[in-house]
Amino acid sequence: PYLEAEPPACAGAPIGWGGVPHVGLLVADTPRAKAFYCDVLGMKDETDLRPVKLPFAGLFLRCGEQQVHILQLPNPDPDTADARPAYGKDRRTAYSVRSLEPVRAALDSERCRHLFGEKWPYACRVNAAGEAVLHCKDPDANELMFVEDPTIVPIAETADGPMVPWTRLW
């Protein structure tokens with residue numbers, strides 16, 4: 001929906017990239033993942049868009065114009081933070097946010113401590129590009145990286161959901 005012209009269909013033509021509409025993360029416990037991503041981080045649950053025929057539990061969560069697909073499936077990787085590489089040295093999903101302060105506040109919140117029984121660990125730094133970033137791991141040790149971009153204009157929300165330009169078509 002965000003491409004203005006159709007990409008050429010001939011051999012050797014450049015790929016007409018449009019972005020990353022969703023990422024998929026493996027988890028062991030869908031309700032625990034929902035508590036972290038929705039109740040702590042504030043992603044919007046759009047599981048009503050998830051095909052009912054999928055043979056495993058999961059969620060579709062929206063963050064900005066993209067979705068995170070939670071897949072409750074066996075994870076071939078270690079699923080504890082201690083067994084995974086340090087921040088910045090593992091696979092990760094990166095999320096742009098207008099400010100890191102609300103992310104820090106959410107991870108430090110009483111709600112997070114109530115759900116998970118401890119202060120949630122994270123690390124803040126400035127990356128090589130000069131951007132302020134926050135790294136943390138979700139309850140299944142998936143690394144998340146939040147990149148601060150004060151120029152972001154969040155999608156306007158109404159009681160009925162997101163407003164244009166975002167679409168629920170993907």
Side-chain angles (χ1 to χ4, degrees), residues 2 19-47 49-50 58-72 75 77-159 161-168 170:
Y2 41 77
V20 180
H22 78 266
V23 298
L25 299 175
L26 298 177
V27 304
D29 182 328
T30 298
R32 181 178 67 178
K34 183 175 181 182
F36 182 75
Y37 285 97
C38 293
D39 298 344
V40 174
L41 295 179
M43 290 186 184
K44 304 293 183 191
D45 187 355
E46 293 189 333
T47 304
L49 299 175
R50 188 175 184 271
L59 303 164
F60 279 14
L61 308 174
R62 181 170 52 81
C63 56
E65 293 184 17
Q66 290 72 39
Q67 283 185 334
V68 174
H69 292 184
I70 299 297
L71 316 170
Q72 186 174 313
N75 192 341
D77 295 321
D79 62 358
T80 63
D82 292 342
R84 298 300 298 255
Y87 294 136
K89 297 183 179 184
D90 198 0
R91 284 168 287 188
R92 75 192 65 81
T93 55
Y95 305 86
S96 56
V97 295
R98 187 185 341 198
S99 170
L100 292 178
E101 189 50 41
V103 179
R104 266 192 228 102
L107 296 173
D108 287 339
S109 72
E110 188 58 40
R111 169 181 282 162
C112 190
R113 278 190 281 269
H114 173 74
L115 289 168
F116 301 105
E118 61 184 301
K119 183 176 182 296
W120 204 258
Y122 61 86
C124 295
R125 64 181 182 88
V126 174
N127 67 14
E131 300 164 315
V133 299
L134 182 149
H135 289 272
C136 72
K137 300 203 185 234
D138 75 3
D140 292 277
N142 294 302
E143 184 175 335
L144 311 177
M145 181 172 102
F146 298 89
V147 181
E148 187 172 75
D149 179 353
T151 67
I152 288 174
V153 177
I155 294 171
E157 299 272 349
T158 68
M163 295 174 59
V164 175
W166 191 83
T167 176
R168 291 172 50 118
W170 47 42

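Residue numbers count from 1 along this sequence.
A pairwise comparison of heavy atoms in Leu71 and Gly24 identifies CD1-CA, 4.4 Å as the closest pair. Here the closest non-hydrogen pair linking Cys112 and Ala106 is CB-O, 3.5 Å. Minimum interatomic distance between Ala83 and Pro78 (heavy atoms only, all atoms of both residues): CB-CB, 3.5 Å. Considering all non-hydrogen atoms of both residues, Asp90 and Lys137 come closest at OD2-NZ, 3.8 Å.
At least one side-chain heavy atom of Ser96 sits less than 4.5 Å from a side-chain heavy atom of Ile152. The shortest side-chain heavy-atom distance between Asp39 and Leu115 falls under the 4.5 Å cut-off. Taking 4.5 Å as the limit, some side-chain heavy atom of Phe36 sits within range of a side-chain heavy atom of Leu144. Two residues are said to be in side-chain contact when any heavy atoms from C-beta on lie closer than 4.5 Å; Val68 and Thr93 fail this criterion. For the pair Arg84 and Asp77, the minimum side-chain heavy-atom distance is below 4.5 Å. Proximity of Val40 to Trp120: side-chain heavy atoms (C-beta onward) are nowhere separated by under 4.5 Å.
Once rounded to the nearest 0.5 Å, the distance linking CE of Met145 with CZ of Arg125 reads 7.0 Å.
Looking only at distances, a side-chain donor or acceptor of Asp140 sits under 3.5 Å from a matching main-chain atom of Ala28. Checking side-chain atoms of Gln72 against main-chain N and O of Thr30 turns up a donor-acceptor pair under 3.5 Å.
A side-chain donor-acceptor contact under 3.5 Å links Thr47 and Asp45.
The ring pair (Phe, Tyr, Trp, His ring centres under 6.0 Å) analysis of residues 134-155, with sequence neighbours excluded, yields the pairs Tyr87-His135, Tyr95-Phe146. Sorted by first and then second residue, the salt bridge (charged side-chain N to carboxylate O under 4.0 Å, His left out) pairs with a member in residues 142-153 read Arg92-Glu143; sequence neighbours excluded.
Under the ring-ring contact (aromatic ring centres under 6.0 Å, His included) criterion, Tyr122 pairs with no residue at all, not counting sequence neighbours.
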Should Asp108 and Lys119 be marked as a salt bridge (charged side-chain N to carboxylate O under 4.0 Å, His left out) after you check the CA-CA gap, both sets of side-chain angles, and the distance that decides it?
CA-CA 6 Å; Asp108 287 339; Lys119 183 176 182 296; 3.1 Å; yes
